[in-house]
Amino acid sequence: MSSPERTAAAGTPSTISLDSLPIEVFLMICERIDADTLIRSLMYVNKQFYDIINDNYLWKKRAMRKFNDCNVAFMLSNAYNENTFDWKQFTWHTELEDNCWSEYETKTTTTVFSGAHFSEVDAVIMANDGKHCLSASRDRSICLWNTVDTVDNLVVHKVDSHLGWVWDLGIYDDHHFLSCSWDSKVKLWNTSNFTPSSQPIHTFNTDAAVLSITSKENFIAAGLFCPKIIAFDPREPEKRLFELLHSHTRSIIDLCLIEDHYLISLSEDKTVSVCDLRTNNTVQSVCLSKGSSFPMCASYYDNILFIGDNRDYMYWLDCSHGLYNVLETVNLVKPVDDSRNYKLNCIICTNYGSIITGGNEGVVYILTPTNPPKVIAKIVDCGSEITSIDYQNDTLVVGYVSSDVQVWKKK
């Protein structure tokens with residue numbers, strides 16, 4: 001039998017082990033391999049690969065090559081430190097989102113849920129780790145949909161869940177969700193035992209139509225169609241934890257929580273207010289006025305609050321260390337042949353990779369979290385004005401004025 005030396009001498013190519021490659025060559029190879037393969041597979045071949053691929057500088061260099069021509073939201077916050085920032089997670093997410101949504105026609109599957117609601121769907125939200133989604137409509141009903149099964153999608157159609165338009169939904173915990181309505185009520189429901197005949201676990205009464213809700217453990221906040229925010233504790237549903245009466249002068253459009261300590265409210269009076277829940281006092285108010293514009297929606301991720309308005313703009317607020325300073329004012333993408341203002345009805349940022357928006361244009365935009373924003377995808381097969389979106393576990397759900405709900409799932 002021929003020895004390895006004699007085989008090589010005869011001109012037959014021999015196998016070169018990656019273990020024997022110089023580090024410089026290995027790094028060059030890594031630059032040409034997608035981040036998902038590096039992190040999920042190659043990184044665990046051996047300890048040397050793990051140490052090299054886990055190096056923060058490697059990922060920082062890779063990210064800077066992609067975004068060095070524009071401001072990146074997360075790198076502008078006061079809490080940002082380039083030496084401790086998780087460049088691996090940042091680069092991984094940006095590549096995953098770009099690779100999927102830039103070719104969404106072939107890399108996702110889509111299903112339209114129709115026929116259950118007969119009026120505008122004003123709220124959608126994911127549940128059960130993306131296996132289900134909930135939709136709420138002006139027809140006063142709430143639907144629970146199966147996002148996994150492409151045949152029997154409709155699981156529950158709860159008719160007359162409220163006595164008025166159902167305006168917003170929220171996940172309270174793994175087993176419960178919230179709904180609010182123009183009937184001036186907030187209701188807490190059992191997700192795992194939600195049926196057409198279900199009754200709410202608790203009903204919280206307010207003083208006006210409820211436009212927005214947010215929650216955490218033992219805390220529910222409702223923003224009203226008047227300058228008032230009311231907070232409840234589900235353990236004592238008949239009582240009110242507190243009322244905020246002087247944070248705004250007009251209706252409360254949206255609410256969100258920051259790190260359990262701060263309640264953020266967006267109002268038609270053009271301001272964003274910050275309430276410290278440890279003292280139940282408004283500690284800051286930020287005016288986002290540009291002519292007749294006012295903030296419509298907000299989404300928080302890693303110290304940055306992304307806010308969309310009703311006149312073509314998005315704002316980045318630095319939430320680190322309780323600052324709440326405006327970092328950037330970003331001009332939103334608009335169609336070239338359309339002179340209308342782009343009203344942003346919904347915005348969501350669930351990781352470093354993308355910001356997803358929807359509005360009166362009837363287009364889902366997948367954007368980079370940069371200024372100027374780069375369009376990863378423009379999903380135009382939506383049909384009508386977009387009212388709400390949610391994104392979880394590689395599943396995107398969208399609600400429409402047309403009464404439809406549409407879901408995209410990564411393959």
Side-chain angles (χ1 to χ4, degrees), residues 36 40 74 89-90 92-101 104 107-113 121-136 142-150 153-156 168-179 189-192 194 212-217 254-260 297-302 304-306 308 344-358 364-369 376-377 379 382 386-400 404-411:
D36 196 48
R40 290 184 182 272
F74 310 104
Q89 287 294 318
F90 174 79
W92 186 23
H93 286 147
T94 56
E95 289 192 21
L96 279 176
E97 298 301 288
D98 185 65
N99 291 339
C100 172
W101 294 109
Y104 75 91
K107 292 188 176 181
T108 67
T109 59
T110 185
T111 307
V112 178
F113 303 154
V121 172
D122 282 311
V124 293
I125 195 162
M126 304 300 301
N128 300 328
D129 294 325
K131 297 176 183 177
H132 294 91
C133 72
L134 291 149
S135 60
I142 298 173
C143 286
L144 176 67
W145 305 90
N146 185 339
T147 63
V148 178
D149 191 339
T150 58
N153 299 117
L154 183 58
V155 179
V156 178
D168 199 8
L169 295 169
I171 295 297
Y172 179 71
D173 59 25
D174 291 342
H175 304 289
H176 301 89
F177 73 93
L178 296 159
S179 63
W189 306 85
N190 189 320
T191 312
S192 56
F194 188 58
S212 54
I213 46 177
T214 191
S215 66
K216 62 176 182 174
E217 185 178 7
D254 199 11
L255 294 172
C256 65
L257 286 165
I258 306 290
E259 297 173 353
D260 288 340
C297 49
S299 180
Y300 173 79
Y301 189 77
D302 194 16
I304 303 296
L305 184 66
F306 300 91
L344 194 62
N345 291 327
C346 38
I347 186 170
I348 189 163
C349 178
T350 58
N351 60 43
Y352 291 120
S354 65
I355 300 170
I356 307 175
T357 68
V364 176
Y365 281 108
I366 316 289
L367 307 170
T368 58
I376 299 172
I379 305 177
C382 304
I386 296 167
T387 59
S388 51
I389 55 176
D390 199 12
Y391 185 51
Q392 186 181 72
N393 284 358
D394 296 337
T395 303
L396 171 67
V397 59
V398 178
Y400 298 106
D404 291 338
V405 176
Q406 190 165 7
V407 170
W408 284 266
K409 291 182 70 70
K410 292 183 182 180
K411 292 180 179 178

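Computation of the quantities below employed the complete heavy-atom set of this structure, encompassing side-chain atoms and omitting hydrogens, waters and symmetry-equivalent molecules. We're numbering straight along the sequence, starting at 1. In this text, all values refer to a predicted model and were calculated from it rather than measured experimentally.
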Whether Thr111 side chain and Val407 backbone form a donor-acceptor pair below 3.5 Å
no

OG1 (Thr191) and CG (Leu134) are apart, to the nearest 0.5 Å, by 6.5 Å

Between Gln392 and Thr350, does a side-chain contact (heavy atoms from CB on, under 4.5 Å) hold up when you go through it step by step?
CA-CA 8 Å; Gln392 186 181 72; Thr350 58; over 6 Å; no

Between Cys349 and Ser299, the two heavy atoms sitting closest are N-OG, 2.9 Å

Determine, for Lys216 against Glu259, whether the closest basic-nitrogen to carboxylate-oxygen distance falls under 4.0 angstrom.
no

So, taking the atom named OH in Tyr400 and the one named CD1 in Ile389, what distance separates them when rounded to the nearest 0.5 Å?
10.5 Å

Go through the structure and list residues passing side chain to side chain donor-acceptor pair (under 3.5 Å) with Glu217, not counting sequence neighbours.
none

Are any of the side-chain heavy atoms of Trp101 and Lys410 separated by less than 4.5 Å?
yes

With side chains defined as the heavy atoms from C-beta onward, is the minimum distance between Tyr301 and Asn351 less than 4.5 Å?
yes

Rounded to the nearest 0.5 Å, the CG atom of Leu367 sits from the OG1 atom of Thr357 at a distance of 5.0 Å

Check whether any side-chain N or O of Ser192 sits under 3.5 Å from a backbone N or O of His175 as a donor-acceptor pair, and report yes or no.
no

Is any side-chain heavy atom of Tyr104 closer than 4.5 Å to a side-chain heavy atom of Thr110?
no

Got a donor-acceptor contact below 3.5 angstrom from the Thr147 side chain to the Lys131 backbone?
yes

Crowding at NZ, Lys409 (>12 non-hydrogen neighbours, <6.0 Å):
yes

Hey, does Thr214 have a side-chain heavy atom less than 4.5 Å from the side chain of Ser212?
no

If you round to the nearest 0.5 Å, how far is OH of Tyr300 from CD1 of Ile304?
8.0 Å

Side-chain heavy-atom pair Val398, Val124 within 4.5 angstrom cut-off:
no

Results of side-chain contact (heavy atoms from CB on, under 4.5 Å) for Ala123 - residues two or more places apart only:
Ala136, Asp168, Leu169

Minimum-distance pair of heavy atoms, taken over all atoms of Gly353 and Pro369
O-CD, 3.9 Å

Considering only heavy atoms from C-beta outward, does the side chain of Trp145 approach that of Val155 to under 4.5 Å?
no

Rounded to the nearest 0.5 Å, what separation is found between the CD1 atom of Ile386 and the CD1 atom of Ile379?
8.5 Å

Tell me the closest heavy-atom pair linking Val397 and Cys133, and the distance in Å.
CG2-SG, 3.8 Å

Looking only at non-hydrogen atoms, find the nearest pair between Glu97 and Ser354 and report the distance.
OE1-OG, 3.2 Å

Rounded to the nearest 0.5 Å, how far does CG of Leu396 lie from SG of Cys100?
9.5 Å

Are any of the side-chain heavy atoms of Glu95 and Asp36 separated by less than 4.5 Å?
no

Scanning both residues in full, the closest heavy-atom pair of Asn190 with His176 reads CA-CD2, 3.9 Å

Using only heavy-atom distances, determine whether the side chains of Gln89 and Tyr352 contain a donor-acceptor pair under 3.5 Å.
no

Hey, what's the ring geometry for Phe74 with Phe90, parallel, tilted or perpendicular (30° and 60° as the breaks)?
perpendicular

Ser135 and Phe113, any side-chain heavy atoms less than 4.5 Å apart:
no

May I ask you to decide if His132's main-chain N or O and Asn146's side chain share a donor-acceptor pair within less than 3.5 Å?
no

Identify the residue among Asp390, Ile347, Ile376, Ile366 that makes a side-chain contact (heavy atoms from CB on, under 4.5 Å) with Ile356.
Ile366

